[in-house]
Amino acid sequence: MLREKLVRLALEEDIGTGDLTAKAFRDYEKLSAFAYLAKEDFILCGTKTARIVFNELNAGINTIFYKKDGDLVQKGEIFGEVNGPVYSILSGERTSLNFLQRLSGIATNTAAYVKELEGTNIKILDTRKTTPGWRVMEKYAVLIGGGNNHRMGLFDGVMLKDNHVDAAGGITPAVNLVRRNIPSTVKIEVEVRNLAEAKEAAEAGADIIMLDNFKLEDMPAAIEVIAKRAKIEISGGITKEKLKNFRHLDIDYISVGALTHQAVSVDMSLKIRK
C-alpha cells in the first residue's frame with residue numbers, strides 16, 4: 001500500500017545505512033517504554049501510520065494509543081505509548097512524530113474551518129494542493145477533521161479549468177468533448193470566471209459549477225442564473241475568516257487549498273518513561 005511505501009521511504013531517508021547514535025544501544029537489548037505527550041490542544045490523526053513506522057523497524061515493538069483518530073487531545077495529556085527495544089524506538093521516534101504532527105495539524109486546521117460553517121448545509125472540500133506522495137494521507141486527515149474530499153487526482157473526476165475551456169474554444173464544446181470520452185457515471189465540473197460562463201456551463205449540462213475567485217457581491221447573481229441546474233462550489237482565496245460571509249449563500253461546497261498547504265504541524269513529543 002502507498003502508506004507503507006511512504007513509511008519505508010521516510011525511514012530510509014532518515015536512517016540511511018544505519019542510525020549511528022542508536023547503534024550504541026543495540027548490544028544492551030534494553031527494553032523500555034516511551035510516552036507520547038501533547039504540547040498543545042489538537043485533533044489526533046495518523047495513529048495507524050505511527051504504528052507502521054515502528055513495525056517496520058522491529059516486530060517486537062508494541063505501539064498503543066489511548067485515543068483514536070478524530071479525538072481531541074489536550075495540552076499536557078499523554079495520549080499513547082511505545083514499548084520495546086530502546087534502540088529501535090529511538091530510530092523511529094522522529095519519523096513517527098513527523099507523521100503524527102503533520103496529519104494531526106491538517107485535521108486540526110480542517111476542524112477549525114468546518115466549525116465556521118456549523119448550522120449550514122455547505123460542505124468544506126480539500127483540493128489537490130497536497131504534499132507530493134502524501135495525498136492519500138493528507139486527504140484522510142481532512143476527513144478526520146470533519147471536511148470532505150474533492151477528487152483524489154486527475155483519474156477520478158473531471159474538472160474543466162480555464163485552460164481546458166480556452167483550448168476547446170468555449171465551455172459548451174469542452175463539456176461535449178469530455179462527455180463523449182468519459183463513463184456516464186462520472187460528473188463534470190466546470191470552473192467559471194464570470195456570470196456569462198456560469199450561465200453557459202449550466203446550459204451545457206455541467207454537474208458542478210465552480211465560481212472561481214468571484215467577488216462576494218457577484219455570487220447571488222451567479223447562483224440565480226444557475227438556477228439549481230448544477231451543484232455550486234466556490235473557490236479562490238478562501239480563508240477561515242472569510243467563511244462567515246458565505247453562510248447565507250445557497251451553495252453546496254467551498255473548496256479550500258489551505259486545509260492542507262497551510263496547515264501547521266502540531267507540537268508533541270515522545271519521551272522515555274523514567
Side-chain angles (χ1 to χ4, degrees), residues 3-4 6-7 10-11 14 19 21-22 25 30-118 124 126 130-131 134 136-149 240-241 243 256 258-274:
R3 188 198 311 263
E4 284 76 8
L6 186 57
V7 167
L11 289 170
D14 200 32
D19 181 346
T21 309
F25 293 81
K30 182 178 179 181
L31 301 178
S32 191
F34 292 69
Y36 283 109
L37 173 67
K39 295 185 175 180
E40 62 177 302
D41 295 350
F42 57 83
I43 303 296
L44 180 62
C45 185
T47 55
K48 181 177 179 180
T49 308
R51 287 193 187 96
I52 292 172
V53 168
F54 289 114
N55 288 341
E56 285 288 331
L57 289 170
N58 192 316
I61 296 177
N62 185 29
T63 307
I64 303 168
F65 286 97
Y66 310 143
K67 293 197 169 185
K68 64 183 184 299
D69 285 2
D71 286 347
L72 173 65
V73 178
Q74 296 181 312
K75 181 179 180 179
E77 188 174 0
I78 293 175
F79 60 94
E81 65 180 71
V82 185
N83 300 279
V86 171
Y87 68 87
S88 293
I89 296 174
L90 291 174
S91 292
E93 172 190 353
R94 173 41 52 199
T95 301
S96 78
L97 287 170
N98 283 348
F99 282 112
L100 283 169
Q101 289 180 277
R102 172 67 179 158
L103 297 177
S104 296
I106 292 173
T108 304
N109 187 43
T110 300
Y113 276 80
V114 170
K115 185 175 178 60
E116 293 296 319
L117 292 175
E118 280 184 351
I124 289 286
D126 56 23
T130 54
T131 308
W134 282 63
V136 171
M137 290 194 296
E138 290 187 348
K139 281 180 171 281
Y140 166 72
V142 167
L143 293 177
I144 291 298
N148 296 267
N149 292 154
K240 186 173 61 178
E241 293 70 29
L243 287 178
V256 185
L259 296 183
T260 51
H261 72 67
Q262 290 188 20
V264 177
S265 295
V266 300
D267 197 6
M268 64 177 71
S269 62
L270 182 64
K271 296 294 186 182
I272 193 167
R273 290 182 181 272
K274 296 182 179 179

Test your reading of the model: is there a side-chain donor-acceptor pair from [X] to the backbone of [Y], 3.5 Å cut-off?
X	Y	answer
Glu77	Gln74	yes
Asn149	Tyr140	no
Thr108	Ile43	yes
Asp71	Lys68	yes
Lys67	Leu72	yes
Asn58	Ser88	no
Arg102	Ala263	yes
Asp267	Glu40	no

To the nearest 0.5 angstrom, please state how far the [atom1] atom of [X] sits from the [atom2] atom of [Y].
X	Y	atom1	atom2	answer
Ile106	Ser265	CD1	OG	8.0 Å
Thr47	Asp69	OG1	CG	3.5 Å
Gln101	Ser269	CD	OG	8.5 Å
Ile64	Asn83	CD1	CG	5.5 Å
Glu4	Lys48	CD	NZ	6.5 Å
Leu57	Glu93	CG	CD	12.0 Å

Quick check: closest heavy atoms across [X] and [Y], and the distance to 0.1 Å?
X	Y	value
Pro85	Ile61	CD-CG1, 4.0 Å
Ala107	Ile144	CB-CG2, 4.1 Å
Thr95	Leu11	OG1-CD2, 3.8 Å
Ile78	Ala35	CG2-CB, 3.9 Å
Val266	Ser104	CG2-CB, 3.7 Å
Asn148	Leu143	CA-CD2, 4.1 Å

Is the closest side-chain heavy-atom distance between [X] and [Y] below 4.5 Å?
X	Y	answer
Leu37	Met268	no
Thr260	Thr131	no
Ile272	Leu90	no
Asn62	Val82	no

Residue set satisfying side-chain hydrogen bond (donor to acceptor under 3.5 Å, both in side chains) with Asn55, at least two apart, ordered chain then number -> none
By side-chain hydrogen bond (donor to acceptor under 3.5 Å, both in side chains), Lys271 pairs with (sequence neighbours left out) none
Ring centroid separation Phe34 to Phe54 under 6.0 Å:
no
Does the separation of the ring centres of Trp134 and Phe99 fall below 6.0 angstrom?
-> yes
Please report the C-alpha distance between Lys39 and Lys75 in whole Å, then the side-chain angles of each, then the deciding distance to 0.1 Å, and finally whether the side chain to side chain contact (heavy atoms under 4.5 Å, CB included) criterion is met.
CA-CA 5 Å; Lys39 295 185 175 180; Lys75 181 179 180 179; 5.5 Å; no
Any side-chain donor-acceptor pair under 3.5 Å between [X] and [Y]?
X	Y	result
Tyr66	Glu81	yes
Asn98	Arg94	yes
Ser32	Arg273	no
Asp19	Tyr87	no
Ser96	Tyr36	yes

Exercise for the section: Take Met137 and Thr49 through the test side chain to side chain contact (heavy atoms under 4.5 Å, CB included) and record every step on the way to the result. Expected result: CA-CA 9 Å; Met137 290 194 296; Thr49 308; 3.6 Å; yes
For Leu100 and Leu44: C-alpha separation, side-chain torsions, deciding distance, then whether side chain to side chain contact (heavy atoms under 4.5 Å, CB included) applies. CA-CA 8 Å; Leu100 283 169; Leu44 180 62; 4.3 Å; yes
| task | Determine the interplanar angle of the Phe79 and Phe65 rings, folded into 0 to 90°, and report it as parallel if under 30°, tilted if 30 to 60°, perpendicular if over 60°. | result | parallel
- Task: Give a yes or no on whether a salt bridge exists between Lys139 and Asp126, defined as a side-chain N under 4.0 angstrom from a carboxylate O.
- Result: yes
Arg3 and Val136: side chain to side chain contact (heavy atoms under 4.5 Å, CB included), yes or no, with the steps?
CA-CA 8 Å; Arg3 188 198 311 263; Val136 171; 6.0 Å; no
